[in-house]
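Heads up: the structure comes next, in structure tokens.
Values below: all heavy atoms of this structure, side chains included; hydrogens, waters and symmetry mates excluded.
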Amino acid sequence: MRTDIKVLLLGLSALAIFLIYSISPLTIGEDDTEIRKADFIALATPSENAEAMAVSPADTIPAMAEETVFKPDTTPKKIFFFGDSMVDYLGRPFESYAAKNGHEIESVVWFSSTTQHWAQTDTLQYFLRKYDPSYVVICLGSNEVEARDIKRRQKWVEEIQQKLGDLPYVWVSPPNWTEEEGFTNMIKETVGADRYFESSHLSMERGPDHKHPTYEAAVGWMDTVASWMQSPASRYPIIMEKPEEKVRVTHLLMLKPYKLRKKKK
Amino acid sequence: MITFQQLLSSLKEYFTLHEGGLQYCTLTFFITFLVFYTVYILVRSGRRKVMLGYVVLFSIFYAYKANGWFMLLLPATTLISWWLTRVMQQLPDGKKRKALATVTVIIVLSPLLYFKYTNFAIQTLNNIIESNFAPMTIFLPIGISFYTFQAISYVVDVYKRKFPGDTTLLEYTFFLTFFPLLMAGPITRPQTLIPQLKKNPPMDKELIYSGLFLIICGILKKGVIADYIAQYNNWIFDDPTGFSGFENLMGVFGYTMQIYCDFSGYSDLSIGIAALLGFRLLPNFNSPYQSLNLSEFWHRWHIALSTWFRDYLYIPLGGNRKGKFRTYLNNFITMLFAGWWHGASWMFIIWGAVHGVGLMIHKSSKSWLDKLGKGVIVSLLSWFVTFCYVAFAWIFFRASSVENAVEVITRIGTDFSIDYFVPFINARPVWSVFIAVAFIVHLVVKEKTFYRMQDLFVRTPWILKLIIFVVCVQLIINFRLESVQPFIYAQF
């Protein structure tokens, strides 16, 4: 057989292997050792559809809400606030807001954590059982803003959603310091625009690492978050009036970085 | 599940949308190429003109995918330069012939100057005379720097009678539009490609499988290593002050390897694809970081560009024929232009200047250096100094501004501690392994070993070739994930 035909057959065979693996329900390996599938579906999906899907029905809710007389929920909430190191910064002024508005708050900072940590461990279930919250605030994603495996991470965001069940929750986006590959947009699309507070457009003074805000700047960040949380733009608006004074931080739990281990079957 | 309607819409989109072009390491290119290659196999054994016409048509489509209707510049440049060269070639030696050759070069060069350098000229003018001319919105067609240089080399070589001007329009169009060379070269001389178009390409087993081997090398370099290590390097150059001196240094070494893997990987893919079609192109890289001095580096790095500048700028400027001072000056001027060719930015000119100064220093101290001999220690020291100088120059190539470059250098100089070594490796194990393996392979594998590996691959059974190919493509899928880093050199 001619060499060029042999090379063509080699290319076609390789394509067939990737296609069959892509459409088969079988996935070899898991997590970091997973043999990933080529995305033939994206190739065959016109981008107009993708754009249409990107606009979630939730994006239209604030506009409709504006037409009615708006009242935030004034009943006291048991707030559970969790996420990565950014919670250490937002959680402090958050306690002052909680004290002012009659809410209880428990914050859990898991340093260096990602969506995968909260999705694939039972940490979240543990704290949900422990605190039994009526309202959840998430600030997570700073350690993965440059991630490019967006679809993989979307599954972890969905797993976190499943763990939260029917609980009302909002997600505060990381205050981006660099260009990203679409990670925060994915969170917005997954949780819905009215459950998502966009922090990336805020300019704030940063600490020595140029990523985390200073504690003073985080107070301004929290003011903006709180203002949004009681506005009709939020799906679950609750009372969040600005406190006149700071309270001592007593409900902030800090967890050390943790390396994910493989699940044992 | 994908509906038939969606599939039709995707196909329509594929033929009408043209953002960014068909990047090599994508599923879209892979499938497109397989379809193209199937028809190519059928037409290559038939009439030569049909084969050439088919490849030209596909290349025009490829150019359309990259540049939209701006691709019309390509056939326009082809037609004008071919016709004017043909007229010029029939003239006897003398002023008329020289004038027409000069006019042709200027006409060919004009679109490049307009599309690439207009805004640079406006900004420079604004800085010099403190004016306020607004920059224009100008689209830079992908690959324009490469095909313009190919056209110039054809015009000049025919003018100097180094190449016969009997090339037909179809052959010349093939030469200038050949799709593997279109986006980022390598800049190919007429002597290399056009004689191969005079007859149907042979079914040379060795050539075709060597092409496949180069494609695999290109996939590993560009699709796996360069794209992966780019992530960390981007963090460093985006905000050097957020990282320690050690991390900045790793970012500089990382970029040094990234740009090599990116561009030599791209060249491997281009040369490999041409080989699958039966065309033999010249290598563009020869383990440049093994160089023991800067002159040697430029004989090994982007060979197509450095020889182009040598033949069409350095030698016409006088080369080394007009005394030592003029030799150094010619070297420096050539490097300034080589830097400027890479992009309309002062950073590229600075990069060129750094290399120009380095070459001047090396040439002026060559007689003294030669006295040191070629022992192991001297060789190691020479290599170390050359490598560090080249890496240092890359800082200016990659940095967004002089301030950004100075920041990187300052962090390395003032905040360096080896204590970061172990935590760095622990924090970025995959990146560290990639960089270590890439450097070791690059520095250890000599030219002979590479060709031996290539021969071994050619003789490997078909099934083993398939397994190697599938594993390499799977590595791209696993490491590259959702997005593609565009070829660094595509922007030039």
Legend entry - All salt bridge (charged side-chain N to carboxylate O under 4.0 Å, His left out) counterparts of A/E198, not counting sequence neighbours: none
Inset, instruction - Report yes or no: is the cationic atom of A/K37 (NZ for Lys, CZ for Arg) under 6.0 Å from the centre of the six-membered ring of A/Y21, at an angle within 45° of the ring normal? - result: yes
Inset, instruction - Answer with side chain, backbone, both or neither: which region of A/I17 has an atom nearer than 4.5 Å to a non-hydrogen atom of chain B? - result: side chain
Inset, instruction - State, without any angle test, whether A/H117 and A/T123 hold a side-chain donor-acceptor pair at a distance under 3.5 Å. - result: no
Inset, instruction - Check side-chain hydrogen bond (donor to acceptor under 3.5 Å, both in side chains) between A/W118 and all other residues, then give those that pass, not counting sequence neighbours. - result: A/S113
Legend entry - Residue part contacting chain A, namely of B/F243, when any heavy atom lies under 4.5 Å: side chain
Inset, instruction - Below 4.5 Å from any heavy atom of chain A, which atoms of B/S244 appear? Answer side chain, backbone, both or neither. - result: neither
Legend entry - chain A contacts, top residue of B/T241, B/I467, B/L212 (heavy-atom pairs, under 4.5 Å): B/T241
